[in-house]
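Inspection log for the structure reproduced underneath, given as structure tokens.
Sequence lines set the chain letters: A, B, ... in the order given, protein chains first and strands last, and positions in each chain run from 1.
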Protein chains: 2
Amino acid sequence: MAGKKVKKPTMVDVAAKAGVTIGTVSHVINKTAPISDETTERVLKAIKALDYKPNSIARALRTKKSYVIGFLLPDVTNDFYSPVLSSFIDSAHQDGYTVLVVSYQYSSKREEIEMERLADKNVDGILLFNGCGDVALLRRMQAEGIPIVIADRRVDELELPTVEFDNVETCSKVIGMMCKKGYKRIGFLSESTRLRNLNDRYEGYKKGLVENGLQVNPELVYISEDMEMNNLEKGYAYIKRILENTERENLPDAIFATTDLLAIGAVRAFKEAGFRIPEEIGVVGFDNIAFTDFIEPKLTTVEQDKVLMGRIAWDIMKATLAGEEGEVKHVILPQKIIIRESC
Amino acid sequence: MAGKKVKKPTMVDVAAKAGVTIGTVSHVINKTAPISDETTERVLKAIKALDYKPNSIARALRTKKSYVIGFLLPDVTNDFYSPVLSSFIDSAHQDGYTVLVVSYQYSSKREEIEMERLADKNVDGILLFNGCGDVALLRRMQAEGIPIVIADRRVDELELPTVEFDNVETCSKVIGMMCKKGYKRIGFLSESTRLRNLNDRYEGYKKGLVENGLQVNPELVYISEDMEMNNLEKGYAYIKRILENTERENLPDAIFATTDLLAIGAVRAFKEAGFRIPEEIGVVGFDNIAFTDFIEPKLTTVEQDKVLMGRIAWDIMKATLAGEEGEVKHVILPQKIIIRESC
DNA sequence: GTGAAAGCGCTAACAC
DNA sequence: GTGTTAGCGCTTTCAC
């Protein structure tokens, strides 16, 4: 079935048919020299007649531009990353670029390997999404001249353009909001804070407490390193355990969770134990997934505009590609607190 | 910042440094001729010294193989598509291929345009995921010799390899299982059945009823064409409306929903109306998302191995790429009924 | 305005 | 075993 490989027409064929040379054909295609209307017409007609399409590989070899961008991310499946990816692909697309997607599955080793592989594929630029990124490698690639844009993470050591959400600030505001509602013993529920943005949220949490005259109480910091369970179960199991092993007066009066799933799990555990939300315990999640509006009580949470992040990431990439001089761009996107019923 | 473009070493540089010709260099790189150990050594050393990397574009131009596959799907963000994509990328990767991802946002017009664009990008093959696919276009591309594999959809008119889930059979089995539990008025809740696999599920539903001696009752077929709401709200709103407008004896005694989200919405509506599940109303969902195990009662549903689908899709693509003759492959993957508490 | 021709970096057929 | 060389299909400089 394969192999029928009808040889595709090339410029030579078009030139022959139109009675001109390939140089002329190239010029009419790229509008790179003034060609008479009459000749242009003939060439266009030949192109149509043969259904000629320029060979992008040959063009890329000649011009050193492939119009392909590499997008390196931790996991295609993730509800946070995939909308950003999707939006990036769309934006790039509108500018005639196409996107090579590679995932490194949260492995910094794979991340490195894939960075190199992408570079070897001669992509015009690489978007690195939240990698732990070996700084030396990034520096080397930068030196080789391949444009790199970083999303969802800062790289303080390097002059690379970045886009990220304002996690520290937002979380500190969330805590401020919670304090204003009268909560005094605010807990922090999260997966491993080794992930950069989760750690930023932790920083924001602490900052918020301090700014509101509260102390950071290690007993109220619930960080689960368990990688086995999904976040839903994790939040549920964690809170349930706390509820079983803690005196009532030592319990938090509110929980700020770094993920909606975690928060929803926590809500369930609290409800089962007979706590009224938000009266006896306030809960705030993060990300505003569809379920937040559906559970009882509706979850107060933080919304992040992932589509915007994808678009900005592309804008920065485009600017970098165009070789715009001047300041390296660092865009920080705001997040939005959505107040519902749980806090 | 860009533009520093240090000229990368080419084979000529390596050849010069090793004191051989580029042909020899090419041969040691590709092991395409027996080169003496001594020369090989020298070449390798030069390669390392210069940090030479073959230019994939030049190679692609010469060999007509880019080791890039195009993956065209409706939506990167979707929980069904993205795991398949992810698994496909991974598998392809292990064979040295890389994947260009393009989404057509459920628009058959964009689907066509993107197919052509992908072909013009000189990808080695295209995986088309659940498109409505203009048959004429597919036929034309096939004739041009570009390997196409279709996932999640049949194309009866064309000799193209496909992978899909066995929706008809599975759904008919689900209905059989529900009948065996004594349900007699089984409703069907779905989004628009214009989508191929949702329609297949509808066929399976009807087949299951007939096989179990029940009649298809149009009053129990609930298809929502509303595109505004998410499925959670849609399921909830739909069932709520039914509950309000239907006499008790005309209600279904069970619901088979084509999506877990729809089912979860339905469960909520039933519970609010005081129905006991599964005693008074049985509910079955589809897809086995994390929440199914978390709601009350735990949702009976159908699991689909998306990772497997991605892998098989790649296997078929690889075989097609290799130009394997013989039967066009049509792989049909089984789904698995997960019985929990809701039915 | 258009043609001629030199390459982009590589592979592969053919000499020797 | 290794060197030579002809392209792959295109862009682009330079003549005329």
### Query
Can you find a side-chain donor-acceptor pair between A/S66 and A/D124 that sits under 3.5 Å?
yes
Rounded to whole angstrom units, what separation is found between the [atom1] atom of [X] and the [atom2] atom of [N]?
X	N	atom1	atom2	value
B/I35	C/dA12	CD1	P	14 Å
B/K31	D/dG1	NZ	C1'	16 Å
B/K8	C/dC8	NZ	C1'	13 Å
B/D13	C/dC8	CG	C1'	13 Å
A/M11	C/dA6	CE	P	18 Å
B/I29	C/dG9	CD1	C1'	11 Å
B/R42	D/dT2	CZ	C1'	11 Å
A/Y67	D/dC10	OH	C1'	14 Å

### Message
Under 4.0 Å between a side-chain nitrogen and a carboxylate oxygen: does that hold for B/E164 and B/R154?
### Response
yes
Contact class for [X] (heavy atom, under 4.0 Å): base, sugar-phosphate, or nothing?
X	value
A/V12	nothing
B/I22	base
B/T10	sugar-phosphate

It should be established whether [X] places a side-chain nitrogen or oxygen under 4.0 Å from OP1 or OP2 of nucleotide [N].
X	N	value
B/K64	D/dG9	yes
A/T21	C/dA4	no
A/N55	D/dC8	no
A/T24	C/dG3	yes
A/T39	C/dT2	yes

#### Entry: Along DNA chain D (nearest heavy atom to each residue), the more 5'-positioned of B/E38 and A/L61
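Upstream on the strand: B/E38.
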Which of the following nucleotides, [options], is nearest to the side chain of [X]?
X	options	result
B/T63	C/dT2, D/dG9, C/dT11	C/dT11
B/S36	D/dG3, D/dG1, C/dC10	D/dG1
B/V20	C/dC8, C/dG3, D/dG3	D/dG3
A/R59	C/dT11, C/dG3, D/dC10	D/dC10

### Task
State whether the side chain of B/H93 and the backbone N or O of B/I89 hold a donor-acceptor pair below 3.5 Å, judged by distance alone.
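Not at all, since once roles are kept as given, no pair shorter than 3.5 Å links the two residues.
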#### Entry: Test item: A/N78 side-chain N/O and A/F80 main-chain N/O as donor-acceptor pair under 3.5 Å
yes
### Task
Decide yes or no on side chain to side chain contact (heavy atoms under 4.5 Å, CB included) for B/I316 and B/T162, but give the supporting numbers first.
CA-CA 8 Å; B/I316 296 180; B/T162 58; over 6 Å; no
### Message
Both B/S56 and A/R62 contact DNA chain C. Taking the nearest nucleotide for each, which residue is further toward the 5' end?
### Response
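First, find each residue's nearest nucleotide; the 5'-ward one identifies A/R62.
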### Task
Please tell me which of B/T32 and A/G23 maps to the more 5' nucleotide of DNA chain C, matching each residue to the nucleotide holding its nearest heavy atom.
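On the 5' side of the pair lies A/G23.
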### Query
Quick one: are A/I148 and A/L158 in side-chain contact, heavy atoms under 4.5 Å?
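They are not in side-chain contact.
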### Message
Would you say that more than 12 heavy atoms from the other residues, nucleotides or ligands in this model lie under 6.0 Å from the NZ of B/K17, or not?
### Response
no
### Qualifying salt bridge (charged side-chain N to carboxylate O under 4.0 Å, His left out) pairs with a residue from residues 97-114 of chain B, counting only residues at least two apart or across chains
A/D90-B/R110, B/R110-B/E114, B/E114-B/R117
When you compare the protein's N or O atoms with those of nucleotides 14-16 of chain D, which come within less than 3.5 Å of each other, and at what distance?
none

